[in-house]
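For reference, the structure discussed in these notes is given below.
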Amino acid sequence: MAQNIRISEVAQYEGKEVTLKGWVYNVRSSGKLRFILVRDGSETIQCVVFKKDVSEASFAAADALTLESSLSVTGVVAADKRSPLGFEIQVKEIEAIQIAREYPISKKEHGTDFLMDHRHLWLRSKRQHAILRIRHQIIHAAREFFDNRDFILVDSPIFTPNAAEGTSTLFETDYFGSKAYLTQSGQLYAEAGAMAFGKAYCFGPTFRAEKSKTRRHLTEFWMIEPEAAFFDLDDDMRLAEDFVEHLVQSVLKNRRKELETLERNIGKLETVNAPFPKIHYNEAVEILKKNGSEFIPGDDFGAADETIISQQFDRPVIVHHYPAEVKAFYMKRDEKEPQYALAMDMLAPEGYGEIIGGSQREDDYDTLLQRLKEHNLPEEAFKWYLDLRKYGSVPHSGFGLGIERTVAWITGIKHIRETIPYPRLIQRLYP
RNA sequence: UCCGGCGUGGCUCAAUCGGCAGAGCGGGUGACUGUUAAUCACUAGGUUGUAGGUUCAAGUCCUACCGCCGGAGCCA
């Protein structure tokens with residue numbers, strides 16, 4: 001009885017008889033020969049069926065196979081120079097498990113809308129495999145990074161009672177008769193985690209109801225948010241650059257084949273080593289002036305401005321000390337220049353935009369209360385948050401990294417919608 | 001919400017100045033003992049997004065609407 005193996009393991013079984021279970025990736029035929037490309041999720045291998053080598057039933061089964069039919073194949077693993085994998089299967093027996101109906105995704109090109117309508121099937125393709133494997137690697141590396149630095153995972157709730165920061169538009173839902181909102185950030189809760197564990201992070205989906213229609217926006221995306229007690233802005237920026245370096249290096253080390261499948265320019269990732277350039281908001285404004293931007297000092301940067309700034313460097317760049325007015329209420333201001341917040345954004349290279357936003361948090365009770373009032377936020381809803389400043393308040397900082405934007409940058413793909421299995425966009429809720 | 005673009009077989013697209021709706025892929029039938037998005041032959045498949053208008057004649061021109069795509073703003 002031949003052993004059941006995954007295709008990724010074939011090299012260990014050269015000359016031996018094995019059984020593979022999977023799906024038909026493609027079929028070609030030539031006279032009394034059938035070439036069946038079988039994928040099982042781990043790899044794809046060509047299985048060669050010679051009419052004279054198999055039973056009539058097996059050859060008939062091979063003949064009836066359609067794209068994405070499920071099957072079981074038994075045969076001998078043979079080295080072959082013509083194979084991209086280095087091996088192929090000389091089939092002895094083949095059995096169809098289910099003959100697939102006409103598969104909607106053909107081997108020729110399709111439009112994105114059509115493919116997105118068939119996202120549940122599109123996930124079977126080579127390119128999507130490469131992207132999602134890199135996504136997996138990035139998430140694995142992210143958890144590994146914080147776990148190795150003694151951060152404790154303290155997840156934030158997804159239903160929240162109030163329209164927290166008052167900045168972005170939230171999804172409203174009925175929660176047993178009262179209003180609840182889908183979280184736009186786990187940060188405020190992560191701060192409570194940091195006060196409990198010293199170092200904490202949360203990692204989960206976040207929701208923004210803004211009608212953004214760009215290649216950088218999803219309505220549902222994943223964010224990882226570390227928060228650390230006794231960290232000032234400099235500590236926060238160092239944590240962020242070490243973190244992003246780790247993500248990139250982990251992908252370079254473990255997912256090189258996938259990067260090649262996507263034809264990513266690997267040289268542009270190899271330079272991503274800490275320390276990253278760190279520039280004051282005013283320096284960023286100078287860069288924009290020199291490059292002919294119509295930017296108005298005092299504003300936040302637009303997408304085109306971010307691209308100009310990031311193009312000056314060969315690795316991500318951190319911009320810090322943004323004008324306090326354009327930033328959130330919870331950010332601490334610099335004592336020496338109070339018009340600036342102790343805030344920082346990390347811009348990915350090659351125009352991929354902001355991947356990290358973070359800051360040192362306001363830790364003084366009275367100041368924070370004052371900020372809430374200035375922003376017309378309901379004091380009652382933030383009672384628990386203010387508690388953190390009443391009971392052993394300490395300087396602390398944190399940031400949030402958007403997983404999908406990071407995946408888009410590292411994989412080099414142009415649109416964020418392919419970086420998540422089931423993207424949620426304004427016009428996309430199916431499948 | 002604003003600006004720009006596009007809607008033609010299942011899919012990707014073509015159709016010149018307004019003049020007989022076409023190709024490739026996919027499907028079906030057949031040929032082929034080394035194919036790599038195999039190739040070759042034959043074959044079926046259309047209310048040109050919707051409604052109205054101009055014209056001898058509209059896929060093509062005009063108006064409205066619907067849908068989708070890209071960008072801006074907002075942000076990760």
Side-chain angles (χ1 to χ4, degrees), chain A residues 25-37 44-53 59 63 66-68 78 80-85 88 90 100-118 125-127 165-170 183-187 203-225 240 244 299-307 322 326-328 345-348 352-358 399-409 414-417 419-420 425-428:
Chain A
Y25 196 75
N26 203 6
V27 211
R28 291 180 286 267
S29 72
S30 179
K32 304 301 172 212
L33 264 173
R34 297 291 180 270
F35 301 97
I36 302 155
L37 231 59
T44 304
I45 194 167
Q46 177 163 277
C47 300
V48 184
V49 189
F50 268 97
K51 190 167 189 178
K52 65 175 171 56
D53 291 347
F59 197 76
D63 235 9
T66 54
L67 287 191
E68 291 301 324
D80 195 297
K81 288 194 290 284
R82 290 165 291 193
S83 158
L85 189 65
E88 59 179 31
Q90 294 166 344
R101 294 154 204 221
E102 189 182 332
Y103 193 62
I105 301 177
S106 72
K107 291 291 157 198
K108 287 274 171 139
E109 60 182 320
H110 295 281
T112 337
D113 199 50
F114 174 82
L115 288 168
M116 275 299 171
D117 277 340
H118 297 85
S125 79
K126 215 164 239 165
R127 179 182 157 84
E165 297 172 32
T167 47
S168 40
T169 320
L170 304 188
T183 183
Q184 56 155 331
S185 161
Q187 183 214 312
F203 180 42
T206 356
F207 308 87
R208 305 272 167 96
E210 262 107 19
K211 293 187 174 174
S212 303
K213 281 189 77 173
T214 83
R215 70 184 72 183
R216 300 182 306 283
H217 290 86
L218 294 166
T219 57
E220 176 183 312
F221 65 96
W222 287 67
M223 189 153 65
I224 188 159
E225 296 171 277
V244 170
D299 280 6
D300 207 342
F301 304 121
D305 299 322
E306 286 183 356
T307 303
Y322 282 80
V326 301
K327 288 295 183 181
D345 284 352
M346 188 189 290
L347 307 178
Y352 280 93
E354 189 182 333
I355 52 169
I356 279 182
F399 62 81
L401 172 131
I403 293 292
E404 288 76 16
R405 282 194 186 170
T406 305
V407 175
W409 162 49
K414 69 226 165 297
H415 203 298
I416 198 168
R417 68 190 154 203
T419 64
I420 185 167
L425 303 152
I426 312 176
Q427 305 288 359
R428 171 69 55 191

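Chain identifiers are assigned alphabetically (A, B, ...) following the order of the sequence lines, protein sequences preceding nucleic acid strands; residue numbering begins at 1 within each chain.
At a cut-off of 3.5 angstrom, the base of B/C75 holds at least one donor-acceptor pair with the side chain of A/H217. Put simply, the side chain of A/S212 and the base of B/C75 share no donor and acceptor less than 3.5 Å apart.
For B/A72, one of the phosphate oxygens OP1 or OP2 lies less than 4.0 angstrom from a side-chain nitrogen or oxygen of A/R216. Within the 4.0 Å cut-off from OP1 or OP2 of B/G70, at least one side-chain nitrogen or oxygen of A/H415 is found. In terms of phosphate contacts, A/R417 brings a side-chain nitrogen or oxygen within less than 4.0 Å of OP1 or OP2 of B/G70.
Here A/F50 lies in heavy-atom contact (under 4.0 Å) with a base. Using a 4.0 Å heavy-atom criterion, one finds that A/E225 contacts no nucleic acid atom at all. Nucleic acid contact class of A/K211 (heavy atoms, under 4.0 Å, all strands): base.
Stacking is found between A/F221 and the pyrimidine-like six-membered ring of the B/A76 base under the 5.5 Å centre-distance and 30° plane-angle cut-offs.
B/C68 is paired with B/G5 under the criterion used here, namely a Watson-Crick or G-U wobble arrangement in which both key atom distances are under 3.5 Å. Nucleotide B/G34 has no partner under the Watson-Crick or G-U criteria, as no pair reaches both atom distances under 3.5 Å.
Closest to the A/A303 side chain, of the nucleotides B/G26, B/A72, B/C75, is B/A72. Here the nucleotide nearest the side chain of A/E354, chosen from B/U12, B/A76, B/G73, is B/A76.
Between A/I356 and A/E88, it is A/E88 whose nearest contact on RNA chain B lies nearer the 5' terminus. Closest-nucleotide positions on RNA chain B for A/G357 and A/N26 were compared, and the one nearer the 5' end corresponds to A/N26.
A/D63 has no carboxylate O lying under 4.0 Å from a charged side-chain N of A/K51, or vice versa, which leaves the two without a salt bridge.
Taking the six-membered ring for Trp and thresholds of 30 and 60 degrees, A/F114 and A/H118 have ring planes inclined between 30 and 60 degrees apart.
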